[in-house]
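This is a predicted model, so every value here is computed, not measured.
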Amino acid sequence: MADIDKSLPNEVRTEVEIPGEEVTEQEEIVEQGPVEIIDEEDGGATIDFAPGAVNVAGTESHFDNLADILPEDILEPIGNEMVDNYMDYKTSRKDWEQSYIQGLDLLGFKYENRTEPFQGASGATHPVLAEAVTQFQAQAYKELLPAEGPVRTDVIGVDSPQISEQSQRVKDYMNYLLMDQMQEYEPEFDQMLFHLPLAGSTFKKVYYDQLLGRAVSKFIPAEDLIVPYTATSLDEAESIIHSLKISENDLRKQQVNGFYSDVELGPPGVDNNDELTKKEREISGTKKTGRQESIYNVLECHVNLDLEGFEDMDPETGEPTGIKLPYIVTVEEASRQILSIKRNYAPDDVKKNKVQYFVHFKFLPGLGFYGFGLIHMIGGLSRTATSALRQLLDAGTLSNLPAGFKQRGVRVRDEASPIQPGEFKDVDAPGGSLRDAFFPLPYKEPSQTLLQLMGIVVGAGQRFAAIADMQVGDGNQGAAVGTTIALLERGSRVMSAIHKRLYAAMKKEFRLLGTIVAQYLPPEYPYDVVGGARTIKQLDFDNRVDIIPVADPNIFSQAQRITLAQTELQLAQSNPQIHNLYNAYRKMYEAIGVKDINKILPPPAPIQPVDPSVEHINSLNAKPFQAFPGQDHRAHITAHLNFMSTNMVRNNPVVMASIQKNILEHISIMAQEQVQIEFREQMMQMQ
């Protein structure tokens with residue numbers, strides 16, 4: 001009887017008959033891939049199945065962990081390759097990290113105690129960079145993430161009442177998911193908008209969390225996502241490595257839950273934090289102490305591999321094509337042990353395209369993969385402003401605390417203690433004038449020229465940082481509309497372009513979220529909101545509804561919105577006959593953020609049919625009135641003609657014109673009704 005490896009699944013165990021031996025057990029065989037039979041000395045045989053033999057259709061899930069199936073001689077080289085690639089990619093972006101590290105000092109979060117050029121020299125940092133970062137973060141946060149929710153929807157194709165209701169359901173549920181269920185979304189989005197202008201690049205990772213049972217969108221700093229040197233975008237990157245810091249307990253939970261392979265990792269590696277992490281901790285005022293929780297550095301590598309036993313097969317010949325398929329390989333850096341290998345393409349995708357989980361947010365497009373931030377663009381100006389500020393402060397310090405030389409032989413009692421205001425000390429002078437015994441150094445007052453140069457440098461940095469709100473309110477209120485719009489566009493070009501890039505990135509993020517929701521949402525999902533209940537259907541997330549940000553890509557600030565609304569109101573007031581003044585005023589109230597607009601600006605009531613006497617009163621009060629079908633037109637015309645014969649109407653051209661207009665309306669409607677009656681009678685006679 002054959003020796004059967006009991007560690008293999010039952011579906012791939014088989015019975016091998018050896019001559020002279022009686023077969024006592026038979027099992028159904030399902031063979032696939034090469035099988036190696038090794039004869040043993042005792043007459044038995046050991047069956048060695050290749051990895052492909054366990055990759056049997058229908059026996060495993062598409063997203064199973066292949067690391068539990070593959071042998072160690074295949075896993076070990078892959079783990080070593082992933083860690084080597086990670087170290088190589090980090091080395092290739094060393095200069096980018098250095099410029100970022102040096103730029104973090106320009107924020108001025110930590111005061112520097114300087115001893116050069118003298119003890120107690122100024123260590124102040126000019127806040128031009130910190131001001132630009134803070135203003136951008138506050139402005140973008142309010143525009144991109146309003147309190148009502150960041151999502152709106154558009155109907156693709158021909159609109160209909162059913163599709164409009166579907167679009168509203170998708171919008172309500174996505175805002176409910178982001179603002180209520182995904183409690184981490186808002187604080188992490190706030191944090192991302194602070195990192196973005198500094199580093200120039202930040203990332204979001206959108207995926208379905210098995211433990212939380214819902215979709216998540218995690219913020220990833222630029223330093224934690226590593227790509228090859230040749231990468232120009234996420235879609236074209238041959239490899240994407242996400243560095244995850246996981247505690248020993250959380251990693252063990254993932255192993256027990258079956259998400260990671262239950263392999264022995266040993267103690268975590270030495271926490272030799274890179275320079276960027278050390279600098280961030282130094283600025284935040286934290287440091288590592290002796291007793292710390294064990295932290296593993298887990299590398300989640302989104303790569304293309306040609307795994308033995310899971311090769312891409314030619315459907316015609318059945319032979320491997322040699323094409324690498326997308327996988328997600330998770331490896332622990334210190335031990336280089338592989339925790340999981342999972343397919344990274346949809347089960348029904350014939351082309352086996354890579355599933356993208358990451359979204360790249362760029363502040364300014366760089367020359368390579370990473371974008372440029374304010375550190376790169378105005379870092380030099382910030383350093384110059386800081387240097388000028390310190391020189392001015394040091395000059396003031398030296399001029400207020402003079403030092404110099406004194407003649408040998410002059411003795412001052414308690415000369416080590418400083419002289420207090422209003423205090424006189426005794427001096428022992430050998431003779432002569434006391435003034436001649438001391439020579440103070442000729443320190444100058446702070447230079448006005450240096451102060452002006454610092455102002456020029458700071459102004460240049462502020463203009464580049466697109467602080468355009470200052471320019472919006474500085475214009476002449478009586479200027480022409482075209483001039484106002486031109487000045488607004490001129491002062492907001494940089495910020496407008498950045499806002500559009502963030503809009504495009506958020507649009508991609510919401511589409512990824514919509515795809516995940518469509519995959520994991522039940523056919524019908526009821527949920528409660530404040531003041532009511534809602535229901536969302538899985539079929540609502542189809543190609544008929546587009547999920548996009550609620551922010552306007554052409555408007556990035558409230559000041560810009562108010563200026564445009566005010567300009568529209570001026571145009572409407574200049575010619576009210578051809579404009580809807582109500583909508584112009586309402587848009588102005590919406591721009592300045594007024595709540596309960598209907599209480600301040602009630603909507604105009606629809607015109608209702610009234611009797612002739614009320615129409616006469618409305619004409620005298622300059623209120624609108626009109627004729628309606630079904631009225632007694634002859635009676636209205638007769639009453640209006642009698643009213644027009646009075647002296648009060650004859651002497652008022654405006655009232656006369658409104659009455660004549662209404663008479664013509666009655667004549668027109670009466671003629672239309674008469675024609676309809678005649679044609680109806682003819683049709684009845686013909687029938």
Side-chain angles (χ1 to χ4, degrees), residues 33 51-52 54-57 60-70 74-86 88-89 203-210 215-218 220 224-244 254 259-261 298-315 319-333 336 338-360 369 508-509 511-516 518-520:
V54 295
N55 187 22
V56 181
E60 59 169 313
S61 173
H62 178 79
F63 297 106
D64 277 353
N65 186 2
L66 303 183
D68 295 334
I69 301 174
L70 293 170
I74 295 179
L75 295 177
E76 184 176 356
I78 296 177
N80 293 331
E81 180 184 0
M82 296 298 106
V83 177
D84 292 340
N85 289 342
Y86 168 74
D88 182 51
Y89 299 160
F203 301 90
K204 280 292 195 72
K205 184 179 180 182
V206 183
Y207 62 98
Y208 184 83
D209 194 307
Q210 298 286 350
V216 296
S217 181
K218 290 287 187 179
I220 302 177
D224 290 341
L225 192 133
I226 301 94
V227 296
Y229 170 78
T230 57
T232 57
S233 66
L234 287 173
D235 295 330
E236 297 178 1
E238 184 69 19
S239 174
I240 301 175
I241 301 179
H242 179 201
S243 177
L244 297 165
Q254 299 280 22
F259 187 77
Y260 290 150
S261 297
V298 176
L299 307 178
E300 185 180 285
C301 309
H302 296 243
V303 296
N304 296 321
L305 297 175
D306 188 14
L307 283 179
E308 181 181 351
F310 298 91
E311 299 89 347
D312 180 60
M313 296 295 182
D314 191 329
E319 297 293 331
T321 61
I323 298 176
K324 296 182 179 181
L325 301 179
Y327 291 92
I328 300 179
V329 180
T330 308
V331 58
E332 200 275 318
E333 181 187 6
R336 302 197 172 197
I338 290 183
L339 298 174
S340 70
I341 299 179
K342 298 187 178 182
R343 299 177 179 90
N344 192 26
Y345 53 89
D348 54 351
D349 187 1
V350 179
K351 297 182 179 180
K352 296 181 174 59
N353 292 321
K354 176 178 65 175
V355 177
Q356 185 62 265
Y357 294 92
F358 302 97
V359 180
H360 192 174
F369 176 79
K508 185 176 181 180
E509 176 191 4
R511 286 181 175 177
L512 291 179
L513 276 174
T515 302
I516 294 175
Q519 292 177 354
Y520 295 95

Under the salt bridge (Lys or Arg N to Asp or Glu O under 4.0 Å) rule, collect the residues that match up with D84, sequence neighbours excluded. R336
With rounding to the nearest 0.5 angstrom, report the NE2 to CG distance, H62 to D348. 8.5 Å
State, with a plain yes or no, whether a side-chain heavy atom of L339 is found less than 4.5 Å away from one of F259. no
Find out whether L307 and L70 are in side-chain contact, i.e. whether some heavy atom of one side chain is under 4.5 Å from a heavy atom of the other. yes
Just jot down the salt bridge (Lys or Arg N to Asp or Glu O under 4.0 Å) partners of E300, sequence neighbours excluded, or say none. K205
Return the set of residues passing side chain to side chain contact (heavy atoms under 4.5 Å, CB included) with A518 (not counting sequence neighbours), or none when no residue passes. F541
Which heavy-atom pair separates K354 from A237 by the least distance, and what is that distance? NZ-O, 3.6 Å
With heavy-atom distances below 4.5 Å as the criterion, would you say the side chains of V359 and L512 are in contact? yes
Enclosure of Y229 OH (heavy-atom neighbours >12, cutoff 6.0 Å): no
Is E81 reaching over with its side chain to a backbone N or O of G79, donor-acceptor style, under 3.5 angstrom? no
Residues which pass salt bridge (Lys or Arg N to Asp or Glu O under 4.0 Å) with E333, listed by chain and number, not counting sequence neighbours: none
Using modelled atom types and a 3.5 Å cut-off, is there a donor and acceptor pairing between side-chain atoms of D224 and backbone atoms of I220? no
Those residues that, when tested against H242, pass ring-ring contact (aromatic ring centres under 6.0 Å, His included) (two or more places apart): none
Stepwise side-chain contact (heavy atoms from CB on, under 4.5 Å) check, I74 with E308: CA-CA 8 Å; I74 295 179; E308 181 181 351; 3.6 Å; yes
Test ring-ring contact (aromatic ring centres under 6.0 Å, His included) applied to Y327 - qualifying residues, sequence neighbours left out: none
Distance from L75 atom CG to L66 atom CG, nearest 0.5 Å? 9.5 Å
Please confirm whether the backbone N or O of K351 pairs with a side-chain atom of D349, one donor and one acceptor, at under 3.5 Å? yes
Could you grab the distance from atom OG1 of T330 to atom CD1 of I241, nearest 0.5 Å is fine? 11.0 Å
Contacts of Y208 meeting ring-ring contact (aromatic ring centres under 6.0 Å, His included) (sequence neighbours excluded), chain-then-number -> Y520
Does D235 have any salt bridge (Lys or Arg N to Asp or Glu O under 4.0 Å) partners at least two apart in sequence or in another chain, and if so, which? K508
First locate atom CG of N344, then atom CZ of F63, and finally report the distance between them rounded to the nearest 0.5 Å. 8.0 Å
With sequence neighbours excluded, residues passing side chain to side chain contact (heavy atoms under 4.5 Å, CB included) with E236: T232, S233
On a heavy-atom basis, which atom in V206 and which in S217 lie closest, and how many Å separate them? CG2-OG, 3.8 Å
How long is the straight-line distance from CG of D64 back to CZ of R343, given to the nearest 0.5 Å? 7.5 Å
Qualifying residue for side-chain contact (heavy atoms from CB on, under 4.5 Å) with S239, from V329, V303, N304: V303
Hey, what do you get for NE2 (H360) to CZ (F203), rounding to the nearest 0.5 Å? 3.5 Å
Using side chain to side chain contact (heavy atoms under 4.5 Å, CB included) as the criterion, list what pairs up with D209, not counting sequence neighbours. Y207, L211, L212, V216
What pair of heavy atoms forms the shortest contact from D306 to G322, and how long is it? OD2-CA, 3.9 Å
Given side-chain contact (heavy atoms from CB on, under 4.5 Å), test S243 with L299 step by step and report yes or no. CA-CA 5 Å; S243 177; L299 307 178; 4.2 Å; yes
By side chain to side chain contact (heavy atoms under 4.5 Å, CB included), D312 pairs with (sequence neighbours left out) T321, I323, L325, K352
Contacts of F358 meeting ring-ring contact (aromatic ring centres under 6.0 Å, His included) (sequence neighbours excluded), chain-then-number -> H302
For residues N65 and S261, determine if any side-chain heavy atom of one lies less than 4.5 Å from a side-chain heavy atom of the other. yes
Side chains of I226 and I240, heavy atoms from C-beta outward: is any pair under 4.5 Å? no
